[in-house]
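Structure first, commentary second.
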Amino acid sequence: MGGYGIAALLIAAIGWFLLERARRRTHPVPPGRQADVELPHEAEWELYHNVLSLCSMKTRVCLAELGIPYVGHHVDLIETGAYENLRPGLLGVNPAGTVPVLLHRGHPIYESHEQIRYAARFAPSGATSLVPADPEERAEMETWVDRTSLTNPLEEPGKSAANAVPGQTLPLFCTMVERVPLHRIVEGLLFHFDKRRPLMFIVFKIVGIERLPRLGPVPAAISETRGLLLGFLDELEARLDEKGGPWIMGEQFTLADVGWVVIFERIRQANAENVFLDPADRPAVAAYWARLAARPSYRAAILDHPHPIIDYGRRRIAEAKADHADVRALLEGE
Ligand SMILES: N[C@@H](CCC(=O)N[C@@H](CS)C(=O)NCC(=O)O)C(=O)O
């Protein structure tokens with residue numbers, strides 16, 4: 001190919017990239033129900049979600065607890081194999097490019113903590129109430145909902161248990177990404193709104209979990225967030241002891257409990273139950289998790305949404321811990 005041919009190809013590639021970038025441009029969206037946005041829909045309630053995403057799991061648990069039927073649209077994130085969230089389909093539903101998005105009669109509701117509050121408020125009549133009737137108790141419940149709300153885990157890992165848990169998810173990302181082709185991650189490098197994430201996935205794919213203990217700031221992030229998460233679990237243990245359970249607000253199962261299901265589930269997926277959920281360390285928390293996992297909502301929202309890549313990631317972490325003392329020390333804080 002001559003010089004002209006190469007130049008034409010280069011111009012075409014740049015043109016394609018600029019066009020695609022414009023089509024996939026993201027921007028922040030305000031939280032809550034968007035009264036001025038109405039999207040095509042077939043059911044009263046619809047959910048755009050991902051099997052692994054913490055916030056998606058939370059909204060699914062809430063909908064299951066309320067007995068709200070919904071049409072689900074699964075959206076792959078790179079963790080489960082592709083950047084579907086960066087393609088025009090999902091961007092038309094959420095220009096921020098994230099899941100979950102709950103649709104009620106075609107109006108999107110953004111932010112999972114807003115979605116669970118909204119669903120609890122507008123659930124069909126006859127649904128169990130997930131909010132205490134007493135205003136003081138309601139306000140107290142809100143402080144617990146905040147502890148399981150994901151906001152900005154990179155900048156504020158200590159703000160909530162949900163912000164601390166992504167640090168404990170890094171080893172899971174590192175093993176799951178073994179199953180994700182490199183070119184799919186490169187799509188993120190071109191179009192993701194936060195380039196740090198695809199970069200991290202590429203590095204994880206290249207180095208593998210065995211070299212995680214020597215991977216720049218990663219070990220420090222894992223041990224810092226482990227300490228933070230253990231602090232939140234200590235607080236939860238004290239609360240359950242003080243209230244006598246079975247739930248955070250006492251007898252009533254509320255939105256405060258919904259968020260913990262998915263924190264515990266993430267700990268299970270990351271093969272870290274012995275670090276965080278040992279009954280010898282926190283008996284009330286361990287018993288609480290057993291009660292949560294026995295609820296039908298856990299089956300409907302989590303167990304009924306399996307993905308082979310999650311099981312693979314969990315298994316690989318177990319193998320790496322068994323075979324490499326430094327990986328075990330990093331993940332278990334010995
Ligand atoms: N604060 C938002 C978080 C939304 C969010 O960041 N979702 C993640 C999954 S948990 C996502 O879609 N990430 C896509 C990506 O980073 O590529 C909520 O609670 O809904």
Side-chain angles (χ1 to χ4, degrees), residues 24-34 47-63 72-103 108-119 142 145-157 159-170 172-173 176-177 180 184-202 204 255 258-263 265-266 269-270 301-302 305 307 309-310:
R24 298 170 184 232
R25 186 149 288 143
T26 55
H27 60 80
V29 289
R33 177 179 179 273
Q34 309 301 303
L47 183 67
Y48 289 79
H49 65 117
N50 172 271
V51 279
L52 177 79
S53 123
L54 201 71
C55 305
S56 298
M57 289 197 282
K58 184 169 70 178
T59 300
R60 291 202 303 267
V61 169
C62 183
L63 295 174
H73 306 274
H74 188 261
V75 178
D76 266 319
L77 306 179
I78 197 60
E79 295 88 316
T80 53
Y83 273 117
E84 261 190 315
N85 58 316
L86 300 181
R87 302 199 184 137
L90 193 266
L91 294 175
V93 174
N94 182 6
T98 60
V99 288
V101 181
L102 181 64
L103 244 56
I109 300 136
Y110 300 132
E111 294 291 333
S112 56
H113 43 274
E114 294 294 337
Q115 293 163 9
I116 63 173
R117 288 178 178 122
Y118 182 95
E142 288 294 342
V145 170
D146 290 344
R147 285 180 179 83
T148 56
S149 294
L150 184 77
T151 51
N152 202 339
L154 278 176
E155 272 76 29
E156 306 173 299
K159 191 170 177 209
S160 68
N163 276 11
V165 87
Q168 300 305 300
T169 311
L170 295 176
L172 185 64
F173 286 164
M176 287 171 72
V177 82
V180 180
R184 299 255 181 92
I185 313 176
V186 170
E187 186 180 340
L189 217 45
L190 294 178
F191 303 116
H192 201 279
F193 42 88
D194 183 351
K195 302 281 186 265
R196 287 174 299 181
R197 285 181 58 84
L199 256 177
M200 173 185 82
F201 281 102
I202 289 175
F204 281 176
L255 294 180
V258 165
W260 282 104
V261 180
V262 306
I263 306 264
E265 174 61 11
R266 176 62 91 245
Q269 291 167 337
I302 314 280
H305 296 263
H307 197 298
I309 204 169
I310 303 176

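As the structure lists them, so they are numbered: ligands from 1, and atoms in each ligand from 1.
For atom 3 (C) of ligand 1, the closest heavy atom belonging to the protein is C55 SG, 3.9 Å. The protein heavy-atom contact nearest to atom 17 (O) of ligand 1 is H192 NE2, 2.7 Å. Nearest protein heavy-atom contact of atom 2 (C) of ligand 1 is E111 OE1, 3.1 Å. Protein heavy atom in closest approach to atom 6 (O) of ligand 1: T98 CG2, 3.9 Å. Distance from atom 8 (C) of ligand 1 to its nearest protein heavy atom, with residue and atom name: V99 O, 3.7 Å. Scanning all protein heavy atoms for the shortest distance to atom 9 (C) of ligand 1 gives S53 CB, 3.6 Å. Ranking protein heavy atoms by distance to atom 16 (O) of ligand 1, first place goes to R197 NE, 3.0 Å.
The nearest non-hydrogen atom to atom 13 (N) of ligand 1, considering only N152, V101, L77, comes from L77.
The main-chain N or O of N50 is found under 3.5 Å from a side-chain atom of S56 such that the two form a donor-acceptor pair. The backbone N or O of T151 lies less than 3.5 Å from no partner atom in the side chain of E155, so there is not a single donor-acceptor pair.
The aromatic rings of H74 and H307 lie tilted to each other, with the angle between the two planes from 30° to 60°. Ring-plane geometry between F173 and F201 is classed as tilted, the angle between the planes lying from 30 to 60 degrees on a 0 to 90 degree scale.
Under the 4.5 Å side-chain criterion, counting only non-hydrogen atoms from C-beta, K58 is not in contact with V261.
The CD1 atom of I302 sits 9.0 Å away from atom CZ of R266, with the distance rounded to the nearest 0.5 Å. L154 CG to R197 CZ: the interatomic distance, rounded to the nearest 0.5 Å, is 8.0 Å.
The shortest N or O to N or O distance between Y83 and ligand 1 is not below 3.5 Å. Not one N or O of G97 is nearer than 3.5 Å to an N or O of ligand 1, by distance alone. Below 3.5 Å of separation, one finds an N or O of N85 facing an N or O of ligand 1. Among the atoms of S112, some N or O lies under 3.5 angstrom from an N or O of ligand 1.
Heavy-atom distances between T151 and ligand 1 stay at or above 4.0 Å for every pair. Proximity of Q115 to ligand 1 is not established, as no heavy-atom distance is less than 4.0 Å.
Classification of E111 and R117 as a salt-bridged pair fails, no side-chain N sitting under 4.0 Å from a carboxylate O.
Remark: the D146 side chain and the S160 side chain contain no N/O donor-acceptor pair separated by less than 3.5 Å.
For ligand 1, the atoms closer than 4.0 angstrom to any heavy atom of L150 are 1 (N), 19 (O).
Shortest non-hydrogen contact noted between L91 and N85 is CD2-O, 3.6 Å.
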